[in-house]
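Accompanying notes for the structure given below.
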Amino acid sequence: MAKLHLITYGCQMNEYDSERVAGLLREQRYELTEDETAADVILVNTCAIREKAEDKVFSKLGELRALKRRNPGLLIGVMGCMAQLQQEAVQRRAPQVDLVLGSPAIARVAALIDQVRRERRPVMDTGEAPLVKITVRPPAASALRAFVTVMEGCEKHCTFCVVPRTRGRERSHPPEAIVAEIRGLVADGCREVTLLGQTVNAYGRDLAPPRDLAELLARVNDIDGLARIRFTTSNPYNLTDRLIRAMRDVPKVCEYFHLPLQSGSNRVLERMNRGYTRERYLDLVGALREAVPEMALSTDLIVGFPGETEADVDDTLDMVERVAYDNAFVFRYSRRPGTPAASMPDQVPEDVKARRHARLLDAVTRTAAARSRRLAGRVVEVLVDGPSRKDPGQLTGRTRCNRVVNFDGGGGARPGALVHVRVAEVLPHSLRGAMASEAEEAVCLSR
Ligand code: SAM
């Protein structure tokens with residue numbers, strides 16, 4: 001069997017795509033290897049969201065160039081968002097790359113590799129194509145948790161973002177194909193799925209007849225053997241009352257919601273073209289917490305957007321305090337070629353971005369810690385992963401609010417089981433506890 005080495009950067013959707021590529025190539029007799037020096041084919045799945053992500057890829061491609069000098073038969077491919085956005089730069093800066101394939105070409109990966117071998121010349125396939133649901137199972141199909149792409153693309157045109165150019169227009173998979181895929185995963189032992197889309201809560205608007213995420217959640221909920229459903233990433237602009245009600249009423253949907261805010265300043269939100277104000281965002285948070293009081297919220301924040309002032313940062317800090325996020329990802333604005341914000345005046349110097357980043361990180365760490373402390377002494381539902389890596393005498397798993405819990409399982413719980421754990425200690429990145437017999441007072445509990 002030929003050997004395939006996969007290197008994946010970026011988001012969960014890239015992880016999902018890499019697994020499908022591994023599955024497709026397994027059918028062509030490629031087996032996965034962890035050792036890049038043993039590989040016949042190396043595919044680098046790339047991210048273009050920030051400049052740093054691209055730098056990492058070019059530096060990796062530099063390392064692979066040396067490997068290819070020692071092993072000229074090695075085929076190197078680049079896939080994912082950089083393949084779509086930076087194809088010329090990839091060809092210019094990394095001439096050792098034999099294959100550049102955009103996201104729509106993933107389903108044809110085996111034929112494209114054959115073409116490179118046959119024609120002995122670099123091949124590029126980055127054109128538009130209809131969305132294809134790849135039904136092949138990934139080699140790691142027996143995992144307890146799995147990602148499932150339900151839609152791709154984004155049409156929001158935030159002025160900082162390359163996604164509309166790398167992943168194209170919003171295109172959804174039909175619910176039947178998604179349900180069939182999840183049934184297959186569950187048959188292989190999967191207990192929790194995360195439905196993925198760049199704007200997952202815009203799911204189904206392009207289908208005929210139109211569908212929505214609320215309906216999809218209800219259909220996935222009906223799959224026997226599945227314990228939990230998550231979904232990401234949502235855009236506040238598309239958050240409907242129907243989806244909020246589904247989060248309240250569909251039992252397997254977890255009480256964890258990632259809702260990117262980006263900035264707490266209305267002036268910046270407008271320049272970002274986000275389509276909502278801080279007041280609208282707070283109303284949505286109010287509605288979510290009214291429907292599901294235990295809802296854990298996480299967000300993405302950008303500091304140093306062009307023209308951002310200290311007063312704008314204060315507004316973002318104020319939102320962090322008001323919303324009290326369980327988790328937040330803070331990014332320094334990265335100037336992306338071809339986006340409207342890249343040519344806006346008043347670009348913020350890097351040292352100022354760094355200072356604002358530190359201020360915001362400090363605030364989100366504080367509020368997240370306060371949210372965690374609430375869980376001390378409470379009983380939480382945990383999906384058991386198995387023995388803890390640090391201490392095999394303990395079990396590890398996750399709560400519905402997506403917290404890692406290490407606990408003394410008394411030898412009783414199998415991987416994949418749902419158990420109740422009383423939280424004894426709240427640590428910065430995890431919880432510690434012991435199995436509890438009673439479930440009545442459980443927080444973030446299945447309904
Ligand atoms: N669909 C989501 C939304 O509501 O905007 C965004 C998903 S995006 C792939 C992940 C995060 O990367 C964004 O939420 C944003 O915070 C960050 N991001 C995107 N473009 C960026 C840029 N040019 N500079 C810094 N961060 C950026």
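What's counted below: heavy atoms across the whole structure, side chains too, no hydrogens, waters or symmetry copies.
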Counting only heavy atoms from other residues, nucleotides and ligands, does the tally under 6.0 Å from [atom1] of [X] exceed 12?
X: Gln91; atom1: CD; result: yes
X: Arg118; atom1: CZ; result: yes
X: Glu34; atom1: CD; result: no
X: Arg332; atom1: CZ; result: yes
X: Glu88; atom1: CD; result: no
X: Tyr237; atom1: OH; result: no

Test salt bridge (charged side-chain N to carboxylate O under 4.0 Å, His left out) on Glu255 and Arg230 and set out the steps. CA-CA 9 Å; Glu255 299 82 2; Arg230 304 183 188 278; over 6 Å; no
Flag the pair [X] / [Y] as yes when at least one side-chain heavy-atom distance between them is below 4.5 Å, and no otherwise.
X: Met79; Y: Val44; answer: no
X: Ile42; Y: Leu74; answer: yes
X: Val220; Y: Leu216; answer: yes
X: Leu4; Y: Asp40; answer: no
X: Arg432; Y: Val423; answer: no
X: Leu61; Y: Arg65; answer: no
X: Leu99; Y: Val78; answer: no
X: Asp362; Y: Leu360; answer: no

Atom [atom1] in [X], atom [atom2] in [Y]: separation rounded to 0.5 Å?
X: Ser18; Y: Met13; atom1: OG; atom2: CE; answer: 12.5 Å
X: Glu176; Y: Lys133; atom1: CD; atom2: NZ; answer: 12.5 Å
X: Ile302; Y: Arg50; atom1: CD1; atom2: CZ; answer: 7.5 Å
X: Cys11; Y: Phe147; atom1: SG; atom2: CZ; answer: 9.0 Å
X: Ser234; Y: Asn201; atom1: OG; atom2: CG; answer: 4.0 Å
X: Asp222; Y: Ile182; atom1: CG; atom2: CD1; answer: 11.5 Å

I'd like to know if [X] and [Y] make a salt bridge, using a cut-off of under 4.0 Å between side-chain N and carboxylate O.
X: Glu192; Y: Arg398; answer: no
X: Arg169; Y: Asp206; answer: no
X: Arg242; Y: Asp212; answer: yes
X: Lys156; Y: Glu170; answer: yes
X: Arg335; Y: Glu51; answer: no
X: Asp224; Y: Arg183; answer: no
X: Glu381; Y: Arg228; answer: yes

Any side-chain to backbone donor/acceptor pair from [X] onto [Y]? Under 3.5 Å, distance only.
X: Thr399; Y: Cys401; value: yes
X: Thr299; Y: Leu261; value: yes
X: Arg167; Y: Gly197; value: no
X: Arg336; Y: Ala48; value: yes
X: Lys252; Y: Asn221; value: yes
X: Glu215; Y: Arg211; value: no
X: Thr367; Y: Ala324; value: no
X: Asp300; Y: Gln262; value: no

If you apply the rule salt bridge (charged side-chain N to carboxylate O under 4.0 Å, His left out), what do you find for Arg171 with Glu155, and how did you get there? CA-CA 10 Å; Arg171 288 149 299 147; Glu155 290 167 21; over 6 Å; no
[X] and [Y]: side chain donor to acceptor below 3.5 Å:
X: Thr396; Y: Ser388; answer: no
X: Asp35; Y: Thr33; answer: no
X: Gln87; Y: Thr126; answer: yes
X: Arg271; Y: Thr159; answer: no
X: Asn327; Y: His258; answer: no
X: Gln198; Y: Glu152; answer: no

[X] versus [Y], closest heavy-atom pair with distance:
X: Arg414; Y: Val384; answer: O-CB, 3.5 Å
X: Lys353; Y: Val303; answer: O-CG2, 3.8 Å
X: Leu217; Y: Ala246; answer: CD1-CB, 4.3 Å
X: Val162; Y: Ile49; answer: CG2-CA, 4.1 Å
X: Leu67; Y: Glu36; answer: CD2-O, 3.6 Å
X: Gly204; Y: Ser172; answer: N-OG, 2.9 Å

Taking the ring of Phe257 and the ring of Phe231, is the distance between their centroids below 6.0 Å?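 So the answer is yes for these two rings.
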Are the aromatic ring centres of Phe305 and Tyr333 under 6.0 angstrom apart?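 Ring centroids of Phe305 and Tyr333 are less than 6.0 Å from each other.
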Determine the sole option in Thr46, Val41, Asn45 for which the side-chain contact (heavy atoms from CB on, under 4.5 Å) test with Leu43 is passed.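 Per the side-chain contact (heavy atoms from CB on, under 4.5 Å) rule, the option paired with Leu43 is Val41, out of Thr46, Val41, Asn45.
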Per the side-chain contact (heavy atoms from CB on, under 4.5 Å) rule, which among Leu24, Val109, Val21, Leu25 passes with Tyr30?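 It is Leu25; the other options fail the test.
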Of all residues at least two apart in sequence or in a different chain, which pass the side-chain hydrogen bond (donor to acceptor under 3.5 Å, both in side chains) check with Asp312?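 Applying side-chain hydrogen bond (donor to acceptor under 3.5 Å, both in side chains) to Asp312 gives Ser265, Arg267, Thr309.
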Would you please name every residue forming a side-chain hydrogen bond (donor to acceptor under 3.5 Å, both in side chains) with Gln347, sequence neighbours left out?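 For Gln347, no residue satisfies side-chain hydrogen bond (donor to acceptor under 3.5 Å, both in side chains) once neighbours in sequence are set aside.
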Within residues 66-79 or reaching into it, pairs that qualify as side chain to side chain donor-acceptor pair (under 3.5 Å) - sequence neighbours excluded: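 For residues 66-79: Lys68-Asp98.
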Cation-pi check for Tyr203 against Arg205: NZ or CZ below 6.0 Å from the six-membered ring centre and within 45 degrees of the axis, yes or no?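 Negative - Arg205 is either too far from the ring of Tyr203 or too far off its axis.
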